[in-house]
Amino acid sequence: MIDLKALRDDPARFREGAARKKIEVDIDRILELDQAHRKLMTGQERARAEQNKISKASGPEIGKLTGQLKKAPEGERSAIEAKIAALKAKPSELAKQVSELGKQVDALEPELNALLMCVPMPADADVPVGESSDDNVELSQWNPPGWDSAKTFEQNKGFAPKTHLELVETLGLVDFERGVKMAGSRSYVLTGLGMRLHQAVLRYAYDFIIEKHGFTPMSVPVLVRENAMEGTGFFPDGRDQTYHIEESTRGAGQDLFLTGTGEVGLMGLHANEIIDEASLPLKYATVSTCFRREAGAAGRDTAGLYRIHQFDKVEQVVICKADEGESRTWHKKMLGIVEELVQSLGLPYRLLHCCTGDLGVKNADMVDLECWMPGRGEMDANDRPMGAYGETHSASRLYDFQCRRLNLRYKGESTGGKTVFCHSLNNTVLASPRVLVPILEMYQQADGRVRVPRVLQGHMGGVEVIG
RNA sequence: GGAGAGGUGGCGGAGCGGCUGAACGCGCCGGUCUCGAAAACCGGUUGACCUCACGGUCACGGGGGUUCGAAUCCCCCCCUCUCCGCCA
């Protein structure tokens, strides 16, 4: 949610912000509704103030007369009734006015609120302007010793790579057929060492963020109410991507939704709270199962472990003071953590500065980390994939967009007694099984077996090679 | 799933149609006293919205209703607790 006051003061900024993000929203309509809304509110408040004043002044008298009326003899009643009616006349009329204006206010609000929910956070000035992910800008590359990203896999390693799909098949790590039998397309079953590798890499990442970087471990709900989805900014925009459990049709009070990321649970923790400034920043990490419908992605990445409906993810969030410098510093730190992690796994990657068209509604800035996946990309002359980078991480900076919706505020020395919306950031620590794609493909050997990255061996009971 | 109790400020807890945005206690902040501290005493201490300001409006779990007037009465929803049943 953006600040309505800020929009009022500088509508051009939001108009342009939405245009750059390729998001359509009628700013002029919002301004129009806001103006009408405030005018009605002012009128209503004035009428109510008047009514309150009169009620306070004449109320006790009405009470007294009403008491008298009960005991009064027949003959005196009409006189008392007339007095009461006279005293009630003005406030009664005002009450009617208030209620009339209230109805007009109520008529405006749904449209105003719905529109306001759709106004995107303008991207920062240093975010590259672009249409889609094709316009994202590469910031840096990293390669492990002995890997030259200018060369092909075969030139680097001396043999042609298999895709992760071929590897999991021959090594018996994933059973797609049975997954699909039970749960439909994009479903899978991790088997044996496949499951073990999945768990090992998640556990490694979780320990990494907690032990090395001091994030607080949390377990959070993955089945949440609509207000948690709205508060974190996933609704209304991402409704189509979310599994919806219609509990309300079965007698329960509210529907529930399966979260597509642990960010929802972590950010929802402190909704409607006022946090003491001294306890900021909050640094939380969770590992949770994530559910995504992947609506509209039909035909894209249909095979393999890349794009699936259910996966597990270690996620980090930071909730900090409302300070651009601090927010930027955390963004860098969170990226640094992930770079360190991916480097320790020995996977080549690059960082991409996402362009305005790729940011989505809630982000002011976003940097993706993409790992090199030898089994992806265009086909060569032999109809073999030439390799490509594939997104494995995404670090977002949101200013107060999310905290405003969540009503997550703080108070302390620097705020001068005021309550202020916090800033929030989030970043993938590691998502699996997607990360198994680069791990399996990069660690494969000429003999078809796959080495287990050294840092994961301890989490796999010492297994060094799969196959 | 069945039966009952209850949701008031940072916490405890009163209020059950107008004098209550809220008694009282605790906590917290400031002051007096003190070499300093404790104690005692005095003062302060919710949030949102509109307004340049004066000031005004709203909020006692959430929403709606009755009334000139609702924390207080009525309806719906949500949540918490206790007992029983089921259960990883």
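Protein chains get the first letters and strands the later ones, always in sequence-line order, with residue 1 at the start of each.
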> Over how many whole Å does the gap from A:Lys56 atom NZ to B:rU57 atom C1' extend?
Replying inline: 12 Å
> In whole Å, what is the span from the CD atom of A:Glu226 to the P atom of B:rC77?
Replying inline: 18 Å
> Between A:Leu94 (CG) and B:rG69 (P), how many Å, whole number?
Replying inline: 10 Å
> Are A:Phe235 and A:Phe257 near enough that their ring centres are under 6.0 Å apart?
Replying inline: yes
> Does A:Lys411 have a side-chain nitrogen or oxygen under 4.0 Å from the phosphate oxygens OP1 or OP2 of B:rG47?
Replying inline: yes
> Taking the P atom of each, how far is B:rG63 from B:rC68, in whole Å?
Replying inline: 23 Å
>> Roughly how many Å apart are B:rC24 and B:rU45, using the P atom of each and rounding to a whole number?
In response: 13 Å
>> So, OP1 or OP2 of B:rA48: does either fall under 4.0 Å of a side-chain N or O from A:Arg409?
In response: yes
> Does the side chain of A:Asn52 get closer than 4.0 angstrom to OP1 or OP2 of B:rC58 through an N or O atom?
Replying inline: yes
> Would you say B:rG56 has OP1 or OP2 under 4.0 Å from some side-chain N or O of A:Thr42?
Replying inline: no
> With sugar-phosphate meaning primed atoms plus P, OP1 and OP2, does A:Lys64 contact a base, only sugar-phosphate, or nothing at under 4.0 Å between heavy atoms?
Replying inline: nothing
> Separation of A:Glu61 atom CD from B:rG69 atom P, in whole Å?
Replying inline: 18 Å
> Once the angle between the rings of A:Phe215 and A:Trp330 is folded into 0 to 90°, is it parallel (under 30°), tilted (30 to 60°) or perpendicular (over 60°)?
Replying inline: perpendicular
> Would you say the side-chain atoms of A:His331 and A:Asn427 include a donor-acceptor pair closer than 3.5 Å?
Replying inline: no
> Is there a Watson-Crick or G-U wobble partner for B:rC54 with both distances under 3.5 Å, and which nucleotide is it?
Replying inline: none
>> Taking pairing as Watson-Crick or G-U wobble with both contacts under 3.5 Å, can you name the mate of B:rA37, or confirm there isn't one?
In response: none
>> If I pick the C1' atom on B:rA14 and the same atom on B:rG65, what distance separates them, to the nearest angstrom?
In response: 27 Å
> Will you find, in the side chains of A:His213 and A:Glu340, an N or O donor that is under 3.5 Å from an N or O acceptor?
Replying inline: yes
>> Please report the distance, rounded to the nearest Å, between NZ in A:Lys418 and C1' in B:rC49.
In response: 12 Å
> Using atom C1' of each nucleotide, how far apart are B:rG44 and B:rU82 to the nearest Å?
Replying inline: 41 Å
> Between A:Arg8 and A:Lys53, which is nearer to the 5' end of RNA chain B once each is assigned its nearest nucleotide?
Replying inline: A:Arg8
> Any side-chain N or O of A:Gln44 under 4.0 Å from OP1/OP2 of B:rU57?
Replying inline: no
> If we take the P atom in both B:rG1 and B:rU72, what is their distance in whole Å?
Replying inline: 29 Å
> Taking any strand in view, what nucleotide pairs with B:rA5 in a Watson-Crick or G-U wobble way, both distances under 3.5 Å?
Replying inline: B:rU80
>> What is the separation between atom CZ on A:Arg225 and atom C1' on B:rC79, rounded to the nearest whole Å?
In response: 8 Å
>> Between B:rU51 and B:rC42, how far apart are the two C1' atoms, rounded to whole Å?
In response: 35 Å
>> In this structure, how many angstroms lie between the C1' atom of B:rA70 and the CZ atom of A:Arg48, rounded?
In response: 13 Å
> Mind checking the P distance from B:rC16 to B:rG7? Whole angstroms is fine.
Replying inline: 14 Å
>> Hydrogens and angles aside, do A:His164 and A:Tyr306 bring a side-chain donor and acceptor to less than 3.5 Å of each other?
In response: no
> Do the ring centers of A:Tyr188 and A:His198 come within less than 6.0 Å of each other?
Replying inline: no
> How far does the P atom of B:rU57 sit from the matching atom of B:rC19, given to the nearest Å?
Replying inline: 13 Å
> Knowing that exactly one of A:Val287, A:Val338, A:Asp312, A:Leu341 qualifies, which makes a side chain to side chain contact (heavy atoms under 4.5 Å, CB included) with A:Leu430?
Replying inline: A:Leu341
>> Tell me which nucleotide, if any, is Watson-Crick or G-U wobble paired with B:rG27 when both distances must be under 3.5 Å.
In response: B:rU45
> Base, sugar-phosphate, or nothing: which does A:Thr419 touch, judged by heavy atoms less than 4.0 Å apart?
Replying inline: sugar-phosphate
>> Need to verify one output field. Residue with the more 5' nearest nucleotide on RNA chain B, A:Pro91 or A:Val420?
In response: A:Val420
>> Please report the distance, rounded to the nearest Å, between CG in A:Asn272 and P in B:rG62.
In response: 11 Å
>> Could you identify the nucleotide paired to B:rA71, looking across every strand shown and requiring Watson-Crick or G-U wobble geometry with both distances under 3.5 Å?
In response: none
